[in-house]
Amino acid sequence: MKEMPITVKRSIELLGVFLIVALIILANNIIMPLVMAFFISIVLLPLYRFFKRLKFPNSLAIFLPILIMATLVALIGWFFSSQVGRLVSDFPQIQKNVSLHLKSISLWINSISHFSTTEQLTFINEQSNKLLTYAGALLTGAATSLSSTLVFIALLPIYVFLMLTYKNLLLRFVFMWFPQDEHGKVEDVLGESESIIKSYLMGLLIQITYMTIMLGGILLLLGIKHALLIGVLFAFLNLIPYVGALIGNLVGVILTLASSRELTPVLIVLFVIAFVQFLDNNILMPRIVGSKVKINAMATIVGVLSGGAIAGISGMFLSLPIIAVMKIIFDRSEIFKPWGVLLGDENPKESPMNNSRLRMRSDNVRNELEVENHTVPGDGHTN
């Protein structure tokens, strides 16, 4: 049989990518709860196996880990709501502080430009009306999507329970898709994917905990108001690589400005966030998550933005573990190996134009590159 031209092969690959993305967008409400439940079930597997070793009935061994997870989520929700309640109780003082800052900004604008206070007020009123209109439309959309969000949350524990119940059936289904001589590779992919997902997601849970404690604790000791709220918000936003850290800094500045009449606390917040981020990125997170799969910065940013465009916030959170699993699969497939190289961070020091070895798909070449580059442990979760 005549082999297809390379252009036809690549066209089919790109068409496949397009169809998968289109399917995810069209069936987002069905697929995303399943994907989220899959990752949660992987994280709960050690607990499930622990209860099974204690001779618990299968249903109880599945139910207890889900109950523990739900309890932890409820505690996080209670902590967050209590901090928001404190912020709401300070609302009158926040209004005064915001008015004071706006007045200072107005005086500063007067000193460097020809815009009078009246013109500034007119501009602010116009923009406020536009903002209120936009906020109204946003709230209407949020109210419309509230039911789908509640359905998403309600389906998660059900899907997790069913996935753990039928995990052997699902594994058999996966193996039956491949010829018997490929089962060794399939087993390797499944084992490594489980290890990656567990280490990554458990690492994120640990990261949320220590970042909330460190950031909130340091800010609390330095007398910053709403320190714990800033800590927990930044810890969760920091889960979104690159983008989340920028939004977290902005939220910290806004909350501090709203709670203080001076700029010194803002500088303190920015300095403490930078210090905690440095510890997280360079010392703590690489040691916690490990170095199983390394994703380059470009693939990380594109993946996060694509995940957000395709599936919203849940897509942004799940983008990195999905990319990591895709890389594991691509690295073990001769057809898709170039895509695995594109996602990885084994950046050669020489140009493939000058070194013919770098144009090959051989695993030996990749191993040599890792030795030459002295790769540092990391998982691609850079903020």
Side-chain angles (χ1 to χ4, degrees), residues 29-81 148-175 186-213 232 235-236 238-240 284-285 287-290 292-293 311 313-325 328 379 381:
N29 293 334
I30 298 173
I31 294 175
M32 289 315 295
L34 281 171
V35 174
M36 184 75 79
F38 168 74
F39 285 121
I40 293 173
S41 63
I42 294 293
V43 173
L44 296 181
L45 263 179
L47 274 176
Y48 164 76
R49 289 166 178 161
F50 170 75
F51 288 122
K52 284 294 289 181
R53 285 197 296 271
L54 295 178
K55 308 299 183 183
F56 279 65
N58 191 60
S59 297
L60 188 59
I62 296 172
F63 175 75
L64 287 176
I66 296 174
L67 180 63
I68 293 170
M69 179 195 70
T71 304
L72 289 174
V73 171
L75 288 172
I76 292 170
W78 169 80
F79 175 76
F80 182 76
S81 62
S148 60
T149 303
L150 292 175
V151 170
F152 182 98
I153 295 171
L155 284 174
L156 275 181
I158 297 172
Y159 282 154
V160 171
F161 186 91
L162 293 175
M163 283 186 177
L164 289 174
T165 301
Y166 296 111
K167 65 181 180 65
N168 293 333
L169 177 66
L170 295 172
L171 285 171
R172 187 186 178 203
F173 169 78
V174 171
F175 277 107
V186 175
E187 190 174 348
D188 288 343
V189 168
L190 292 174
E192 192 168 349
S193 297
E194 179 185 337
S195 176
I196 287 291
I197 293 168
K198 281 193 298 189
S199 64
Y200 181 79
L201 294 182
M202 288 302 296
L204 292 186
L205 291 176
I206 296 170
Q207 184 190 38
I208 290 173
T209 304
Y210 73 66
M211 286 206 76
T212 300
I213 294 172
V232 72
F236 276 98
N238 194 56
L239 297 182
I240 305 173
L284 299 174
M285 199 60 184
R287 293 176 182 274
I288 292 170
V289 174
K292 303 267 184 193
V293 172
I313 298 296
S314 57
M316 296 180 81
F317 280 119
L318 294 175
S319 58
L320 273 188
I322 289 174
I323 292 173
V325 173
I328 293 170
D379 70 318
H381 181 80

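As the structure is a computational prediction, the values presented were derived from the model and not from experiment.
- Between Phe79 and Thr212 the shortest heavy-atom distance is CE2-CG2, 4.4 Å.
- The shortest heavy-atom contact between Pro157 and Ala154 is CD-O, 3.4 Å.
- Taking CD of Gln207 as the reference point, atom CZ of Phe236 lies at 11.0 Å (rounded to 0.5 Å).
- Atom CG of residue Leu164 and atom CD1 of residue Ile66 lie 6.0 Å apart, to the nearest 0.5 angstrom.
- Under the 3.5 Å distance criterion, the side-chain polar atoms of Ser193 are matched with a main-chain donor or acceptor of Val189.
- Residues Leu34 and Met163 form a side-chain contact, since some pair of their non-hydrogen atoms from C-beta on lies under 4.5 Å apart.
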Side-chain donor-acceptor pairs under 3.5 Å in residues 36-54, sequence neighbours left out?
residue : atom : partner : partner atom : Å
Ser41   : OG   : Ala37   : O            : 3.1
Ser41   : OG   : Phe38   : O            : 2.6
Tyr48   : OH   : Asn58   : OD1          : 2.6
Arg49   : NH1  : Glu194  : OE2          : 2.9
Arg49   : NH2  : Glu194  : OE2          : 3.4

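- The line from CE of Met32 to CG of Leu155 is 13.5 Å long, rounded to the nearest 0.5 Å.
- To the nearest 0.5 angstrom, Thr209 atom OG1 is 9.0 Å from Leu72 atom CG.
- The CD1 atom of Ile62 sits 14.0 Å away from the CG atom of Leu67 when rounded to the nearest 0.5 Å.
- Residues meeting the ring pair (Phe, Tyr, Trp, His ring centres under 6.0 Å) test with Phe175, sequence neighbours left out: His183.
- Within 6.0 Å of CZ in Phe63 there are 12 or fewer heavy atoms belonging to other residues, nucleotides or ligands.
- Interatomic distance, Glu187 CD to Leu190 CG, rounded to the nearest 0.5 Å: 8.0 Å.
- Annotation: Leu171, atom CG; neighbour count of heavy atoms from other residues, nucleotides and ligands within 6.0 Å is above 12.
- Listed by first then second residue, pairs satisfying salt bridge (charged side-chain N to carboxylate O under 4.0 Å, His left out) with a partner in residues 57-69 number zero, not counting sequence neighbours.
- Residues Pro33 and Tyr159 approach most closely at CB-CE1, 3.7 Å, considering heavy atoms.
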